[in-house]
Amino acid sequence: MCALPYLDLTDPGFSTRGPEVMAARDAHWCAETPYGLAVLRYMEVGRILRDRRFRQGSHAWPDTVGIEGRFADFWRDSVIGQEGDAHRKLRALAVPALSEEYVLSLKPAFDEIARDLCEGLRQTRACEFQSAFCEPFAGQAITTLLGLSRERWPEVAHDASDLGLAMGIEAPQHQDRFNAACTRLFNLADELVSRVRRGEDSESYVARMVAEFDANGDCTHEELLNTIVISIFGGVDTTRALLGLGLSLFIEHPDQWRLMRNDPSLIPAAVDEFIRARPTTTWATREAVEDVEMNGQVIEKGTILHLFVHASARDPEYSDNPDFDITAKRRKHFGFGGGAHHCIGHFVARTDTACALDALRQTFATVEYDGVPEWLPDSGNTGARRLPIKYEVA
């Protein structure tokens, strides 16, 4: 058995898109890291996501990076951190509540939010895109889902964004901040459930979850709140980051922006293409529940594996041309995970992001950077801290 490449995920400059990752992928399907194995190739990532000999490994993330408190407890108990019957029980609350029919009923509201924000963008020719569009759009989309007034988006979006600080290798530096945000979001979830119980909300995602909760009878109140909070976290953080990452790809590939501006039928493909090409979640995590032999490599029980979705989506085995191309016909990517833990909110993310793109393509004739973007570390959950842009209005 050959020696494995080594990737130092603790290095502040480490990037899952870096040349050292691609060199490691060329050398072997996996690499050693301080946090377990990194899985780098498309075929192996897909196999592990579907293989029941591996459980969701994210439950161990707080211990891996050394964080504790309200967020760590929430994360371990969440649908993301659970397996087997406990996982199926929690998933059964959220999946029916986010039916395709229900999500599509929200599309007019998502379109309106995007148009209103773009009206503000039309009044100028430059902005910091994350604060001017991405964060308010994601925040107002989630308040719509929750049955709250759009004016409450700042409190929800800011707390959800703070939770995202727990998902990177710099998490211990931000522990007080994301623990406080987690407490506030649980209080909000309790408030939302109380509104449903008082008959003040019968149509929101929360109302639909409460109905599933009452019909199921197998979950605790705390599990219901936990599932609402994980939905808020995923809904805000993913959409906010995804829009900035996607626009950056279009800025760097202006021919692709022109294609989408002229052909809105390309929008769904564009959303999936930038989830593939520049994912918000740079790796999914699994843990071996027994000894597993794969490609001559013995993976011992208890080993944590980080499935690098960016590296796997640029694997030559996946595509002859991994460059950003919204017209390319591609196989399934793993930007939303896979197997039993495939992202519950994937259709919401695709739908609201598509609404945002449609409004933006009608607003920006051309768009480019207006300075140097500032990014979160390109590991764990990533996205733009600041994305200064300038543009010509259509």
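All of these numbers come straight from a predicted model, not from anything done at the bench.
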Could you go through Y205 and S231, starting from their C-alpha distance and side-chain angles, then the distance that decides it, and tell me whether this counts as side chain to side chain donor-acceptor pair (under 3.5 Å)? CA-CA 10 Å; Y205 167 57; S231 300; 2.7 Å; yes

How long is the gap from [atom1] on [X] to [atom2] on [Y], to the nearest 0.5 Å?
X	Y	atom1	atom2	answer
D378	F14	CG	CZ	8.5 Å
W283	T33	CH2	OG1	7.5 Å
I251	K390	CD1	NZ	11.0 Å
E151	Q140	CD	CD	8.0 Å
L305	C30	CG	SG	8.0 Å
F347	E101	CZ	CD	11.0 Å

Take K107 and D111 through the salt bridge (Lys or Arg N to Asp or Glu O under 4.0 Å) test and state the conclusion after the steps. CA-CA 6 Å; K107 186 176 181 301; D111 285 333; 3.1 Å; yes

Both conditions, 6.0 Å and 45 degrees, for the charged tip of R240 above the ring of F137: are they met here?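 So R240 doesn't make the cation-pi contact.
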
Heavy-atom pair of closest approach, residues [X] and [Y]:
X	Y	value
S204	Y102	C-OH, 3.4 Å
Q130	G244	OE1-CA, 3.1 Å
A132	L121	CB-CD2, 4.1 Å
A359	R115	CB-N, 4.2 Å
M294	R47	CG-NH2, 3.7 Å
V21	S15	CG2-O, 3.4 Å

Which residues pass the side-chain hydrogen bond (donor to acceptor under 3.5 Å, both in side chains) test with [X], sequence neighbours left out?
X	value
H59	E287
D263	S265
T10	D8

Return yes if some donor-acceptor pair links the side-chain N/O of [X] with the main-chain N/O of [Y] below 3.5 Å, else return no.
X	Y	value
T239	V236	no
Q297	E293	no
W61	A166	yes
H253	D255	no
R261	R361	yes
N262	R258	yes
S248	L245	yes
T353	V271	no
R208	P96	yes
R184	N179	no

Give a yes or no on this: more than 12 heavy atoms of other residues, nucleotides or ligands lie within 6.0 Å of atom CD of E300.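 No, the 6.0 Å shell around CD holds no more than 12 heavy atoms from other groups.
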
Using the rule that two of Ile, Leu, Val, Met, Phe, Trp, Tyr join whenever any of their side-chain heavy atoms come within less than 4.5 Å, decide whether [X] and [Y] are in one cluster.
X	Y	value
L104	L146	yes
W153	L163	no
V95	V103	yes
V292	V289	no
I304	Y35	no

Minimum side-chain heavy-atom gap I389-C127 below 4.5 Å: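 Sidechains of C127 and I389: in contact.
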
Is there side-chain contact between Q82 and E223, with at least one heavy-atom pair below 4.5 Å?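 No; the side chains remain at least 4.5 Å from each other.
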
Not counting sequence neighbours, which residues clear side-chain contact (heavy atoms from CB on, under 4.5 Å) with Q123? List them please.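 Q123 satisfies side-chain contact (heavy atoms from CB on, under 4.5 Å) with E119 only.
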
All salt bridge (Lys or Arg N to Asp or Glu O under 4.0 Å) counterparts of [X], not counting sequence neighbours:
X	answer
D11	none
E112	R150
R70	E222
D63	R76

How would you list, by chain and number, every residue that makes a ring-ring contact (aromatic ring centres under 6.0 Å, His included) with F250, sequence neighbours excluded?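 W257, F324.
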
Who pairs with F71 by ring-ring contact (aromatic ring centres under 6.0 Å, His included), at least two apart in sequence or on another chain?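 Expected list: F74, W75, F178.
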
Please evaluate residues V39 and F308 with respect to the criterion side-chain contact (heavy atoms from CB on, under 4.5 Å), reporting the C-alpha separation (whole Å), side-chain torsions for both, the decisive distance (0.1 Å), and the verdict. CA-CA 6 Å; V39 183; F308 278 27; over 6 Å; no

Could you list the donor-acceptor pairs under 3.5 angstrom formed between side-chain atoms of residues 367-376 and any protein atom two or more places apart in sequence or on another chain?
unit_1: Y369; atom_1: OH; unit_2: E252; atom_2: OE2; d: 2.7

For T285 and H306, what are the C-alpha separation, side-chain angles and deciding distance, and is it a side chain to side chain donor-acceptor pair (under 3.5 Å)? CA-CA 5 Å; T285 305; H306 302 288; 3.3 Å; yes

Inter- and intrachain pairs under salt bridge (charged side-chain N to carboxylate O under 4.0 Å, His left out), touching residues 188-203, at least two apart: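 Passing the test, one end in residues 188-203: R152-E191, R197-D214, R198-E200.
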
Does a side-chain N-to-carboxylate-O contact under 4.0 Å join R41 and D315?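 Looking at R41 and D315, the cut-off is not met.
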
When you look at K301 and D291, which way does the salt bridge (Lys or Arg N to Asp or Glu O under 4.0 Å) test go after all the steps? CA-CA 5 Å; K301 178 180 178 181; D291 290 350; over 6 Å; no

